[in-house]
Colleague: 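Got a structure here, written out as structure tokens. Questions coming.
The figures here come from the full heavy-atom set of this structure, side chains too, leaving out hydrogens, waters and symmetry mates.
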Amino acid sequence: MSVPTARPPVIVTDGTCDLPKALTEQYAIRIVPLRILFGSETYLSGVEMDLAQFADRLAVQDVHPTSSQPTVHDFQTAYEELGADGTPILSIHLSERLSGTINAARQAARNLPHLAITIWDSLTISAALGLQVLTAARAASQGYSVEQILPLLKETYDRGNLLFGLDDLSFLMRGGRIGSVKYHVAHALNIRPVISVSKSGPETGTYISVGRVRSLEKAINVFVKHIADEVGEGAKLRAMIFYGMSPTPELADVLASRLQQMFDCVFLKQSPSTPVLGVHVGTKAIDIGYASGDWTV
């Protein structure tokens, strides 16, 4: 859904978007949070529960957490507030193949036909979603319209991807992302997958495995090699690294150092991950969203 306009939009995203808090504040990006559920307990991810609090609650081990996407009402409330003065809205979300979140956003937009709302499927999640959101926010701050921003989002998507490694496969199994047989075999062999998001064929926008390692430390090597093979050693690179609990903050430092040695890093940030992703990958995970080339704006 898109309403032509020449005014720069306000940027909206959802709680699976990984961005450093300072950047969301700098560009006034509205994040519609997902919910984390521990049985009957409900917390707004990133609002009522941060990553450390999530880890503390998880350690109680009385119930396994689940997550719940934003409702149509959640999006409609945000859109009505942000668009009340006629400001157009560009709402950028995680892959439709990973969540129904974007469908809730679409329904909210249909309920508000008098507002200029554009919904964009990033076809990814986490740090790679964050790079698209940041691309849009930077452009909007320079006066770019929605119609001018959308090609920049496509370019950011085409130039990069997401990679993440995790220490505990049980979260993926309980979330239905891998079967119990595959989990038990991997657990017995002490194998940890390096996961990305497919960009081609019927798997587009879904998780795929791009490597296997026996430790998160070794996942860093796979990250660097994969990016080098894709964009070329020495290329200009924009990247954001997000991490969970120890030892992943230390591994984020190692990864950042490796990237700086191998690429011309025009943008490189590190930050704790959004807590709702911990529901699906656990608290000991590290991921990187990246795109080759410099910023267009």
Colleague: Is there a donor-acceptor contact under 3.5 Å linking the side chains of E155 and Y157?
Modeller: no
Colleague: Are any of the side-chain heavy atoms of L163 and I227 separated by less than 4.5 Å?
Modeller: yes
Colleague: Can you hop from F263 to I288 via hydrophobic side chains spaced under 4.5 Å?
Modeller: yes
Colleague: Give me the atom names and distance for the closest heavy-atom approach of G165 to L216.
Modeller: C-CD2, 3.6 Å
Colleague: Please give me the minimum heavy-atom distance between I149 and A139, naming the atom from each residue.
Modeller: CG1-CB, 3.7 Å
Colleague: Can you find a pair of side-chain heavy atoms, one from P88 and one from T118, that are under 4.5 Å apart?
Modeller: no
Colleague: Is the closest side-chain donor-acceptor distance between N103 and Q107 under 3.5 Å?
Modeller: no
Colleague: Pair L153, L90 - check side chain to side chain contact (heavy atoms under 4.5 Å, CB included), show working.
Modeller: CA-CA 11 Å; L153 296 181; L90 176 54; 4.3 Å; yes
Colleague: Do Y144 and L152 come within less than 4.5 Å of each other through their side chains, counting heavy atoms only?
Modeller: yes
Colleague: Ignoring hydrogens and angles, state whether a donor on the side chain of T135 or T156 is under 3.5 Å from an acceptor on the partner side chain.
Modeller: yes
Colleague: Going through the distances and angles, do H280 and S67 end up as a side chain to side chain contact (heavy atoms under 4.5 Å, CB included)?
Modeller: CA-CA 9 Å; H280 305 284; S67 64; 2.9 Å; yes
Colleague: Return the minimal non-hydrogen interatomic distance between P70 and T101, and the atom names on each side.
Modeller: CD-OG1, 3.7 Å
Colleague: Would you please say whether a donor-acceptor pair under 3.5 Å links the side chains of E230 and Y290?
Modeller: yes
Colleague: Please step through side chain to side chain contact (heavy atoms under 4.5 Å, CB included) for the pair W120 and I102, ending with a clear verdict.
Modeller: CA-CA 8 Å; W120 178 264; I102 195 169; over 6 Å; no
Colleague: So, using salt bridge (Lys or Arg N to Asp or Glu O under 4.0 Å) as the criterion, who are the partners of D62 when residues are at least two apart?
Modeller: R57
Colleague: How far apart are the closest heavy atoms of S95 and G205, and which atoms are they?
Modeller: OG-O, 2.8 Å
Colleague: Pairs under 3.5 angstrom only: tabulate donor-acceptor contacts from the side chains of residues 247-258 to other protein residues two or more places apart or in another chain.
Modeller:
residue, atom, partner, partner atom, Å
T248, OG1, G244, N, 2.9
T248, OG1, G244, O, 3.0
T248, OG1, M245, N, 3.4
T248, OG1, M245, O, 2.6
D253, OD1, Q270, NE2, 2.9
S257, OG, Q261, NE2, 3.3
R258, NH1, N221, OD1, 3.0

Colleague: Answer yes or no: is there a side-chain heavy-atom contact under 4.5 Å between I195 and L166?
Modeller: yes
Colleague: Below 4.5 Å, heavy atoms only, C-beta onward: do E81 and R30 meet side chain to side chain?
Modeller: yes
Colleague: Got L259 and I241 here, is their nearest side-chain heavy-atom distance under 4.5 Å?
Modeller: yes
Colleague: Considering only heavy atoms from C-beta outward, does the side chain of K225 approach that of D229 to under 4.5 Å?
Modeller: yes
Colleague: Table please: side-chain donor-acceptor pairs of residues 13-21 below 3.5 Å, with sequence neighbours left out.
Modeller:
residue, atom, partner, partner atom, Å
T13, OG1, I92, O, 2.8
D14, OD1, T16, N, 2.9
D14, OD1, T16, OG1, 2.5
D14, OD2, H93, ND1, 2.9
D14, OD2, L94, N, 3.2
D18, OD1, T274, N, 2.8
D18, OD2, S126, OG, 2.7
D18, OD2, S273, OG, 3.2

Colleague: Considering only residues two or more places apart or on different chains, which pairs with a residue in residues 193-206 satisfy side-chain hydrogen bond (donor to acceptor under 3.5 Å, both in side chains)?
Modeller: N161-S196
Colleague: Between Y207 and F164 (judged by ring centroids, cut-off 6.0 Å), do the two rings come close enough to count as a pair?
Modeller: yes
Colleague: How would you list, by chain and number, every residue that makes a salt bridge (Lys or Arg N to Asp or Glu O under 4.0 Å) with E96, sequence neighbours excluded?
Modeller: R106
Colleague: Enumerate the residue pairs fulfilling salt bridge (charged side-chain N to carboxylate O under 4.0 Å, His left out) with a member in residues 283-297, sequence neighbours excluded, ordered by first and then second residue.
Modeller: none
Colleague: Can you tell if the side chain of R159 reaches within under 4.5 Å of the side chain of R238, non-hydrogen atoms only?
Modeller: yes
Colleague: Could you walk me through whether F38 and L58 pass the side chain to side chain contact (heavy atoms under 4.5 Å, CB included) test, one step at a time?
Modeller: CA-CA 9 Å; F38 283 90; L58 187 66; 4.3 Å; yes
Colleague: Please name the pair of heavy atoms, one in L131 and one in W295, separated by the smallest distance, quoted to 0.1 Å.
Modeller: CD2-CH2, 4.1 Å
Colleague: Taking all non-hydrogen atoms of both residues into account, name the closest pair between I36 and P65 and its distance.
Modeller: CG2-CB, 4.5 Å
